[in-house]
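Worksheet: the structure to be examined is printed underneath.
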Amino acid sequence: EHLLNPKEFWGEYVIPSISRDDPAFKDNNYWRGRIWGPMNFLVYEGLRQYGFDQTSYLFALKSVRLFMKEWLEESHYHENYNAETGEGDDVPNSDPFYSWGALLALIGVEELFDVEESGLRFGSLGVQEINELHNYRVGSDTYSIKVGPNTTEARRNGKLFFRADNAVVVRSYRKLPDSVEFTMKGNGLTKISVIEFNPSTRVEVCIDGKCMETMTDGDGAVSFEAELDQRKHVHIKISVLQRR
């Protein structure tokens, strides 16, 4: 009704600090119509935490494109931006080297990978082309993510540990000594491989409480299929079965 309404906040450049149909918008001065990195960042966090994953991708894409436009042209990252032209230096009161302008780029990073209280989050829905993020450091580990319309891959220290043949969002990913647990969103039947175990190990795969036993392959991968939905999370837990 509001965010995606081009008469109010949506458009090529988002989001203006006041609705486009407000008389103050035409002033294009500070909080009267300009785009601000911190406002985009907080709105993006809300979209993501409330599970509007397809909208969050579009919002992240627009934020990154806004940042890159002037960065590539003039190596500036501005205090605020024109909501109609995407320019940052069209007014005298927009500092061309203001740290929070880089939040627009950080949104793009977080859309592909982030660390949340419940575990790792990675992947994205609604992507139309391959998106990649490399060498994101978390503690002593580095992560790389590749997401496209028909693939989601995650690597830890250069080693592949997750693959899906679809664009998916993985949340609350936790690796414990004898189990891996996470939730997923996606679109339709999806083949998933989790490469976190010893080779030729018997494991139990539980998808929303429905469990089956299987074996890891020679690379320690567990492969299975799950019917995914873009509107709700599927809970997956893989556990090593103890030898009797």
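Everything quoted here is computed from the prediction, not taken from an experiment. Start at 1 with the first residue, then count along the sequence.
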- Message: Restricting to ring-ring contact (aromatic ring centres under 6.0 Å, His included), what partner residues turn up for Tyr57, sequence neighbours left out?
- Response: none
- Measure the shortest side-chain to side-chain distance between Leu3 and Thr55 over non-hydrogen atoms and say whether it is less than 4.5 angstrom. yes
- Query: Sequence neighbours excluded, which residues qualify as salt bridge (Lys or Arg N to Asp or Glu O under 4.0 Å) partners of Lys237?
  - Reply: none
- Remaining members of Ile18's ILVMFWY cluster at a side-chain heavy-atom cut-off under 4.5 Å? Phe25
- Check whether any side-chain heavy atom of Phe162 sits under 4.5 Å from a side-chain heavy atom of Phe182, and report yes or no. yes
- Query: Which salt bridge (Lys or Arg N to Asp or Glu O under 4.0 Å) pairs, counting each pair once, include a residue from residues 27-52, with sequence neighbours left out?
  - Reply: Asp27-Arg32, Arg34-Asp90, Glu45-Arg48, Arg48-Glu110, Arg48-Asp114, Arg48-Glu116
- Message: Under the rule for salt bridge (Lys or Arg N to Asp or Glu O under 4.0 Å), what residues qualify as partners of Arg171, not counting sequence neighbours?
- Response: Asp53
Solution key, residues 122-131 side-chain donor-acceptor pairs under 3.5 Å, sequence neighbours excluded:
| unit_1 | atom_1 | unit_2 | atom_2 | d |
| --- | --- | --- | --- | --- |
| Ser124 | OG | Glu111 | OE2 | 2.6 |
| Gln128 | NE2 | Gly126 | O | 3.2 |
| Asn131 | ND2 | Glu129 | O | 2.8 |

- State, with a plain yes or no, whether a side-chain heavy atom of Asp178 is found less than 4.5 Å away from one of Phe197. no
- Parallel, tilted or perpendicular for His76 and His78, by the 30°/60° rule? perpendicular
- Taking only residues at least two apart or on different chains, which pairs with a member in residues 156-235 satisfy disulfide bond (SG atoms under 2.5 Å apart)? Cys206-Cys211
- Write out all pairs satisfying disulfide bond (SG atoms under 2.5 Å apart) with one or both partners inside residues 38-151, taking only residues at least two apart or from two chains. none
- Item | pair Leu228-Lys185: side-chain heavy atoms closer than 4.5 Å | no
- Residue set satisfying side chain to side chain contact (heavy atoms under 4.5 Å, CB included) with Asp141, at least two apart, ordered chain then number -> Tyr143, Arg156, Asn157
- Using a side-chain heavy atom cutoff under 4.5 Å and only I, L, V, M, F, W and Y, what cluster partners does Leu72 have? Tyr13, Ile35, Val64, Leu66, Phe67, Met68, Trp71, Tyr77, Tyr81, Phe97, Leu104
- Message: side-chain contact (heavy atoms from CB on, under 4.5 Å), that's the test. Do Lys175 and Phe161 meet it? Break it down for me.
- Response: CA-CA 10 Å; Lys175 180 183 181 299; Phe161 70 89; over 6 Å; no
- Task: Using side chain to side chain contact (heavy atoms under 4.5 Å, CB included) as the criterion, list what pairs up with Leu58, not counting sequence neighbours.
- Result: Trp10
- Query: Is there a side-chain contact between Glu181 and Leu176, using heavy atoms and a 4.5 Å cut-off?
  - Reply: no
- Tyr136/Leu112 under side-chain contact (heavy atoms from CB on, under 4.5 Å): CA gap, chis, key distance, verdict: CA-CA 10 Å; Tyr136 188 108; Leu112 299 182; over 6 Å; no
- Task: Scan side-chain atoms only and decide if Asn166 and Asn187 contain a donor-acceptor pair under the 3.5 Å cut-off.
- Result: no
- Message: Between Ile192 and Met184, is there a side-chain heavy-atom distance shorter than 4.5 Å?
- Response: yes
- Ignoring hydrogens and angles, tell me if any N or O in the side chain of Asp95 forms a donor-acceptor pair with the backbone of Glu79 under 3.5 Å. no
- Task: Please identify each residue that fulfils ring-ring contact (aromatic ring centres under 6.0 Å, His included) with Tyr30, with sequence neighbours left out.
- Result: Trp36
- May I ask you to test the Arg155-Lys146 pair for a side-chain heavy-atom distance under 4.5 Å? no
